[in-house]
Amino acid sequence: MLIEVPTDWPLIGCIAFGLIDRGTNLIQIRPSSSCPLSCIFCSTDAGPSSRNRQAEYMVDVDHLLKWLKYILEFKRSKTIEAHIDTVGDPLTYPRLVDLIHRLSEIPRIKVISMQTHGSLLSYKLISDMEAAGLSRMNLSIDALDPKLAKELAGTQHYELNHVLKMAEAIANSKIDLLIAPVWIPGYNDEEIPKIIQYALKIKAGKQWPPLGIQKYNIHKYGRKPKGVKPMTWFKFYKELRKLEEKFHVKLILKPEDFGIIKDIKLPLSFRKGEKIRVHVIGYGWLKGEKLAISLHGNRIITLINAFDVEIGSKISARILACKDNIYIAEPL
């Protein structure tokens with residue numbers, strides 16, 4: 001089901017939509033949660049093949065900006081990056097260009113970036129995002145072999161050639177391009193060097209690094225390709241160093257490569273283990289979850305193991321996790 005997030009719901013607390021502050025000058029903005037692909041390695045089980053999701057979300061632009069300005073009140077940095085990402089693909093958000101434009105009007109926001117697999121890109125959309133003020137696009141290209149790319153995307157309508165044309169259009173625009181493949185051992189090992197060569201060939205990375213190779217990790221609700229064992233971090237960085245030497249390009253990236261610095265973190269509203277009273281307001285992102293708001297707070301809380309909890313009810317709950325103001329609780 002698709003839920004248009006009501007404007008009286010808080011936008012801090014849920015990982016699936018809203019805003020996330022991890023204590024830096026970069027703020028994650030999640031306007032939607034849907035995805036057109038079902039990548040076989042997806043860490044969030046996104047797309048048409050999802051087995052765990054029960055709801056997708058869409059957030060109004062004005063509602064997002066209201067809560068973004070609330071977070072900015074706590075920040076000291078004069079330079080803020082607004083990073084549009086999702087547990088799906090931001091290109092599913094119908095007001096993406098408007099969101100980028102509105103973000104560009106906020107004086108302290110100097111960088112607007114986003115991540116996508118690019119299947120929904122078009123020349124017009126790239127042009128519109130360029131005009132709206134998008135600074136950088138992190139584009140995931142996981143293989144240059146069309147058959148393998150389609151297999152990894154888990155969706156027959158994924159067309160690599162289209163995504164490559166879009167990548168070249170971005171590289172030739174004012175938008176900076178960072179190509180961000182996920183390295184899945186046993187699947188795309190031979191593709192990674194080819195992707196590096198491709199990124200350098202089309203001149204990705206004008207202001208920021210041209211590549212951001214990601215390590216495949218296993219997540220609780222993510223997809224696990226058969227027979228794949230994640231590399232250790234030690235081996236991953238060892239392999240990246242070899243590729244750096246071979247292609248003379250920086251691949252081991254640090255926050256400072258993107259101008260990301262530590263900043264005041266949004267204070268926690270609740271602590272792990274705390275018992276609170278909540279009002280149950282809707283369906284959670286995954287099966288068995290409900291969303292709730294504390295009766296004495298302005299954060300949204302995900303209730304797990306809440307199959308039998310009725311929407312509209314007021315119950316007691318215990319906070320199980322609260323990292324980065326993302327709240328997970330269980331009914332009592």
Side-chain angles (χ1 to χ4, degrees), residues 11-12 15 18-31 64-65 67-86 90-91 96-97 99-116 118 126 129-141 167 170-182 195-196 199-200 202-215 233 236-237 240-241 243-244 247-267 323-326:
L11 291 187
I12 296 169
I15 198 169
L19 300 106
I20 301 175
D21 167 32
R22 301 188 189 273
T24 72
N25 63 332
L26 180 147
I27 299 169
Q28 292 171 255
I29 300 174
R30 297 189 162 178
L64 284 166
L65 294 176
W67 280 87
L68 173 60
K69 291 173 182 176
Y70 167 74
I71 294 176
L72 289 178
E73 291 178 2
F74 291 87
K75 295 296 178 181
R76 292 179 177 174
S77 299
K78 295 180 180 179
T79 299
I80 300 291
E81 176 171 346
H83 182 64
I84 305 168
D85 69 352
T86 74
L91 295 182
L96 180 59
V97 173
L99 173 60
I100 294 168
H101 175 69
R102 298 282 296 281
L103 289 171
S104 73
E105 294 180 326
I106 299 174
R108 291 174 66 193
I109 293 180
K110 307 299 185 182
V111 177
I112 304 170
S113 58
M114 65 171 285
Q115 64 182 44
T116 178
I126 291 169
M129 289 191 291
E130 177 185 23
L134 185 65
S135 311
R136 185 182 72 249
M137 187 178 295
N138 300 350
L139 179 62
S140 295
I141 298 175
I170 296 164
N172 289 320
S173 74
K174 294 179 182 177
I175 302 170
D176 211 8
L177 174 65
L178 180 146
I179 295 182
V182 178
I195 293 169
I196 294 172
L200 297 177
I202 67 171
K203 293 181 170 55
K206 304 181 191 74
Q207 182 176 348
W208 292 281
L211 291 133
I213 299 172
Q214 305 167 77
K215 183 176 106 63
W233 283 106
F236 178 67
Y237 286 126
L240 289 187
R241 288 188 191 97
L243 292 168
E244 283 184 331
F247 293 104
H248 306 290
V249 62
K250 183 167 184 160
L251 299 175
I252 299 176
L253 307 180
K254 297 179 180 179
E256 48 263 38
D257 293 321
F258 297 90
I260 299 171
I261 58 174
K262 290 183 179 180
D263 201 337
I264 298 295
K265 199 171 191 176
L266 196 65
K323 184 179 180 182
D324 298 326
N325 265 286
I326 298 170

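Quick caveat: nothing in here was measured; it's all calculated off a predicted structure.
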Colleague: Given side chain to side chain contact (heavy atoms under 4.5 Å, CB included), test I213 with I196 step by step and report yes or no.
Modeller: CA-CA 9 Å; I213 299 172; I196 294 172; 4.0 Å; yes
Colleague: Does I27 reach the side chain of L72, with side-chain heavy atoms less than 4.5 Å apart?
Modeller: yes
Colleague: Rounded to the nearest 0.5 Å, what separation is found between the CD1 atom of I175 and the CE atom of M137?
Modeller: 5.0 Å
Colleague: Using 0.5 Å steps for rounding, measure from the CD1 atom of I15 to the CG atom of D324.
Modeller: 9.0 Å
Colleague: Would you indicate whether the side-chain heavy atoms of D263 and D21 approach each other to under 4.5 Å?
Modeller: no
Colleague: What closest approach, in Å, do I29 and L68 show between heavy atoms, and which atom pair accounts for it?
Modeller: CD1-CD2, 4.2 Å
Colleague: Compare all side-chain heavy atoms of R30 with those of D85 and state whether any distance is below 4.5 angstrom.
Modeller: yes
Colleague: So do L177 and P210 actually touch side chain to side chain, heavy atoms under 4.5 Å?
Modeller: no
Colleague: Restricting to non-hydrogen atoms, name the atom on I252 and the atom on D257 that form the minimum distance, rounded to 0.1 Å.
Modeller: O-OD2, 4.2 Å
Colleague: Looking at CD1 of I109 and CD1 of I100, how far apart are the two atoms once the value is rounded to the nearest 0.5 Å?
Modeller: 12.0 Å
Colleague: Quick one: ring pair (Phe, Tyr, Trp, His ring centres under 6.0 Å) partners of Y70, sequence neighbours excluded?
Modeller: W67, F74
Colleague: Heavy atoms, side chains only, cut-off 4.5 Å: are V182 and S140 in contact?
Modeller: no
Colleague: Not counting sequence neighbours, which residues clear salt bridge (Lys or Arg N to Asp or Glu O under 4.0 Å) with K215? List them please.
Modeller: none
Colleague: Calculate, to the nearest 0.5 Å, the distance between atoms CG and CD belonging to L253 and Q214 respectively.
Modeller: 10.5 Å
Colleague: Mind checking the CD1-CE spacing from I84 to M114? Nearest 0.5 Å is all I need.
Modeller: 6.5 Å
Colleague: Do the non-hydrogen side-chain atoms of I141 and P181 ever get within less than 4.5 Å of each other?
Modeller: no
Colleague: Looking only at heavy atoms, what is the nearest atom pair of N325 and P267, with distance?
Modeller: ND2-O, 3.3 Å
Colleague: Sub-3.5 Å donor-acceptor pair from the side chain of T116 to the main-chain atoms of G118, do we have one?
Modeller: yes
Colleague: Taking NZ in K203 as the centre, count heavy atoms belonging to other residues, nucleotides or ligands within less than 6.0 Å. Is the count above 12?
Modeller: no
Colleague: When you look at NZ of K250, are more than 12 heavy atoms from neighbouring residues, nucleotides or ligands closer to it than 6.0 Å?
Modeller: yes
Colleague: Does any non-hydrogen side-chain atom of F247 lie less than 4.5 Å from one of L211?
Modeller: no
Colleague: For V97 and M129, which heavy atoms make the closest approach, and how far apart are they?
Modeller: CG2-CG, 4.1 Å
Colleague: Checking side-chain polar atoms at under 3.5 Å, does Q28 have a donor or acceptor matched by the opposite partner on R22?
Modeller: yes
Colleague: Is the shortest side-chain heavy-atom distance between L103 and L65 below 4.5 Å?
Modeller: yes
Colleague: Under a 3.5 Å distance rule, please check whether E81 uses its side chain to pair with a backbone N or O of I260 as donor and acceptor.
Modeller: no
Colleague: Okay, side chain of R136, backbone of W208: is any donor-acceptor separation there less than 3.5 Å?
Modeller: no
Colleague: Looking at NE2 of H83 and OG1 of T24, how far apart are the two atoms once the value is rounded to the nearest 0.5 Å?
Modeller: 11.0 Å
Colleague: Ignoring hydrogens and angles, tell me if any N or O in the side chain of N25 forms a donor-acceptor pair with the backbone of G259 under 3.5 Å.
Modeller: yes
Colleague: Under the 3.5 angstrom rule, does the side chain of N138 hit a backbone N or O of L178 as a donor-acceptor pair?
Modeller: no
Colleague: On a heavy-atom basis, which atom in P31 and which in L64 lie closest, and how many Å separate them?
Modeller: CB-CD1, 3.7 Å
Colleague: Do K75 side-chain atoms and L266 backbone N/O form a donor-acceptor pair below 3.5 Å?
Modeller: no
Colleague: Determine, stepwise, if the pair I80 / I106 fulfils side chain to side chain contact (heavy atoms under 4.5 Å, CB included).
Modeller: CA-CA 10 Å; I80 300 291; I106 299 174; over 6 Å; no
